[in-house]
2 protein chains.
Amino acid sequence: MSENVGRWLRDEIENAILSYEFAPGERLDETVLANRFGVSRTPVREALMQLDAIGLIEIRPRRGAIVIDPGPHRIYEMFEVMAELEGLAGSLAARRLDKASREAITATHSRCEQSAAAGDSDAYYYDNEEFHKAIYAASRSDFLQEQCVQLHRRLRPYRRLQLRVRNRLSTSFLEHCAIVDAIFTGDGDEARRLLRTHVGIQGERFSDLVASMAAR
Amino acid sequence: MSENVGRWLRDEIENAILSYEFAPGERLDETVLANRFGVSRTPVREALMQLDAIGLIEIRPRRGAIVIDPGPHRIYEMFEVMAELEGLAGSLAARRLDKASREAITATHSRCEQSAAAGDSDAYYYDNEEFHKAIYAASRSDFLQEQCVQLHRRLRPYRRLQLRVRNRLSTSFLEHCAIVDAIFTGDGDEARRLLRTHVGIQGERFSDLVASMAAR
DNA sequence: AATGCCATTCTTGTATACACAAACGTTGAC
DNA sequence: GTCAACGTTTGTGTATACAAGAATGGCATT
């Protein structure tokens with residue numbers, strides 16, 4: 001539990017939204033939330049304010065808070081931006097790579113290899129996240145790293161859906177290999193290009209996303 | 001005045017921070033702010049929570065809120081990300097350009113021309129912002145547009161400092177011309193490249209920034 | 001039967017009060 | 001004279017009370 005109740009509630013509600021416990025479009029009643037978590041309305045309001053600022057919910061004056069429903073098109077736009085940021089991170093990482101970052105990337109990369117070989121989609125989902133975070137960190141740009149982590153967090157549920165697609169696990173890992181190679185050989189432009197296509201959801205992958213979203 | 005006091009306060013305090021009325025590192029006392037704006041502490045706290053979520057201030061538990069001081073290096077990192085996002089916006093704009101966007105870009109571009117010709121740095125600062133916003137809009141990606149506008153807003157004070165540098169006005173406008181040309185001819189890659197170098201602060205422009213920041 | 005208006009009720013928005021933690025100053029002892 | 005400990009003060013964190021606005025349901029009128 002975080003230092004103060006407001007922060008804790010923010011994380012708690014954020015997780016509930018990202019895990020679809022609070023469905024998109026659902027109205028979040030302050031009193032209900034306060035009772036549920038056993039606190040007063042004040043910290044609940046503070047948490048909601050922050051989630052509104054982040055963009056996870058929308059607070060309409062005098063009409064309460066509702067969970068934002070991004071919809072496939074907006075998700076696509078978010079992946080597009082994510083791809084661009086990851087591309088930048090990759091190109092910076094290639095230029096600035098040091099020993100520690102290299103080892104972190106290698107370590108997470110080999111964990112991905114194991115999960116992919118085992119066909120364990122849930123494990124890969126987690127290891128994949130760590131792999132990408134290692135690249136963010138290797139960019140040595142604190143701001144970029146923060147932006148990437150934040151956007152990654154918001155897209156987390158959809159990234160998970162993507163992995164369900166047939167053969168995605170192995171192709172994803174093969175793409176990782178090429179990315180690692182580009183970064184380690186210092187080819188920033190190639191790392192950027194590979195990461196952009198790896199993260200973006202071009203062509204049929206977009207329809208796959210729409211299909212998995214509809215299936216829920 | 002916005003719908004509720006909290007939102008209004010958020011904008012008010014945000015402007016005060018961005019215009020250096022509240023200096024970086026300064027502690028923001030809730031009671032003082034409440035008195036100053038003639039409201040109670042509750043909406044002040046809500047405003048501060050939101051500003052913390054945006055990243056303009058930092059609230060340390062039980063120790064109050066302080067205005068974040070980015071420092072030259074972090075500003076550089078933020079410009080780096082901004083350059084990347086604007087590059088993406090430019091390349092999308094080149095691909096998706098329609099009549100309305102084309103006219104908006106042309107209109108803001110010619111206003112920049114007038115301000116630049118007049119050597120009016122303040123007018124150019126404003127027109128330049130509108131020009132860039134027209135490109136964001138032309139990207140037809142709502143999410144990208146929002147991200148760009150938000151980051152642009154945070155970097156606004158520094159963009160203004162940059163324009164003070166000798167000859168920057170005319171070189172900036174010349175770069176605009178090339179960018180418009182690339183977008184209108186549908187050359188997405190070129191638009192991306194030009195915008196990246198236009199927005200980023202490479203080489204001596206970084207020292208210029210540091211110098212102007214130190215001068216304050 | 002349908003539609004419009006009014007009243008009631010529920011929920012949000014703001015204020016105030018109280019509790020608790022941290023920082024600073026003062027005093028005493030070594 | 002300096003350092004440490006205790007008390008006071010200041011300011012944050014949470015709860016509760018009160019006010020104002022929006023939604024909903026019922027009743028009346030057309």
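In what follows, chains are A, B, ... by sequence order, proteins preceding strands, each numbered from 1. No experiment lies behind these values; they were computed from the predicted model shown. Both backbone and side-chain heavy atoms feed into the values below; hydrogens, waters and symmetry mates do not.
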Chemist: What is the distance, rounded to the nearest whole Å, between atom CD1 of A:I57 and atom P of C:dT12?
Modeler: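 Going from A:I57 (CD1) to C:dT12 (P), I get 11 Å.
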Chemist: When you check the gap from the basic side-chain N to the acidic O, do A:R168 and A:E175 get nearer than 4.0 Å?
Modeler: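 Here A:R168 pairs with A:E175 in a salt bridge, since their nearest N and O are under 4.0 Å apart.
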Chemist: What parts of residues 29-45 of chain B reach DNA chain D, counting only heavy atoms under 4.0 Å away?
Modeler: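 Residues of residues 29-45 of chain B under 4.0 Å from DNA chain D: B:D29, B:E30, B:R41, B:R45.
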Chemist: Tell me: CD1 of B:I59 to C1' of D:dG13, nearest whole Å?
Modeler: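 So the CD1-C1' distance, B:I59 to D:dG13, works out to 11 Å.
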Chemist: Atom CE of A:M49 to atom C1' of C:dT14: distance rounded to whole Å?
Modeler: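 From A:M49 CE to C:dT14 C1': 11 Å.
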Chemist: Expressed in angstrom and rounded to an integer, what is the separation of A:R62 atom CZ from C:dG13 atom P?
Modeler: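 Nearest whole value for this atom pair: 6 Å.
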Chemist: A:L28 has an atom CG; how far is it from atom P of C:dT11, in whole Å?
Modeler: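 Rounded to whole Å, this separation is 13 Å.
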Chemist: Look at the rings of B:F131 and B:H109 and say which category their plane angle falls in: under 30° parallel, 30 to 60° tilted, over 60° perpendicular.
Modeler: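 Aromatic pair B:F131/B:H109 classed tilted.
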Chemist: Hey, is B:E84 close enough to B:R192 for a salt bridge, meaning N to O under 4.0 Å?
Modeler: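 No, this pair does not count.
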Chemist: When you check the phosphate oxygens OP1 and OP2 of C:dA23, does a side-chain N or O of B:R63 lie under 4.0 Å from one of them?
Modeler: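 Affirmative; the distance criterion is met.
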Chemist: Take A:S115 and A:Y125 through the test side-chain hydrogen bond (donor to acceptor under 3.5 Å, both in side chains) and record every step on the way to the result.
Modeler: CA-CA 9 Å; A:S115 320; A:Y125 159 75; over 6 Å; no
Chemist: Using whole Å, what does the distance between atom P of nucleotide C:dA23 and atom CZ of B:R60 come to?
Modeler: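 B:R60 atom CZ is separated from C:dA23 atom P by 9 Å.
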Chemist: What side-chain donor-acceptor pairs closer than 3.5 Å can you find for residues 97-104 of chain A, not counting sequence neighbours?
Modeler:
residue, atom, partner, partner atom, Å
A:D98, OD1, A:S101, N, 3.0
A:D98, OD1, A:S101, OG, 2.7
A:D98, OD2, A:R140, NH2, 3.2
A:K99, NZ, A:E103, OE2, 3.1

Chemist: Report the C-alpha separation of B:Q147 and B:Y136 in whole Å, then their side-chain angles, then the decisive distance to 0.1 Å, and conclude whether the side-chain hydrogen bond (donor to acceptor under 3.5 Å, both in side chains) test is met.
Modeler: CA-CA 9 Å; B:Q147 294 294 108; B:Y136 307 157; over 6 Å; no
Chemist: D:dT24 C1' sits how many Å from A:R27 CZ, rounded?
Modeler: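 Rounding to the nearest Å, CZ of A:R27 and C1' of D:dT24 are 12 Å apart.
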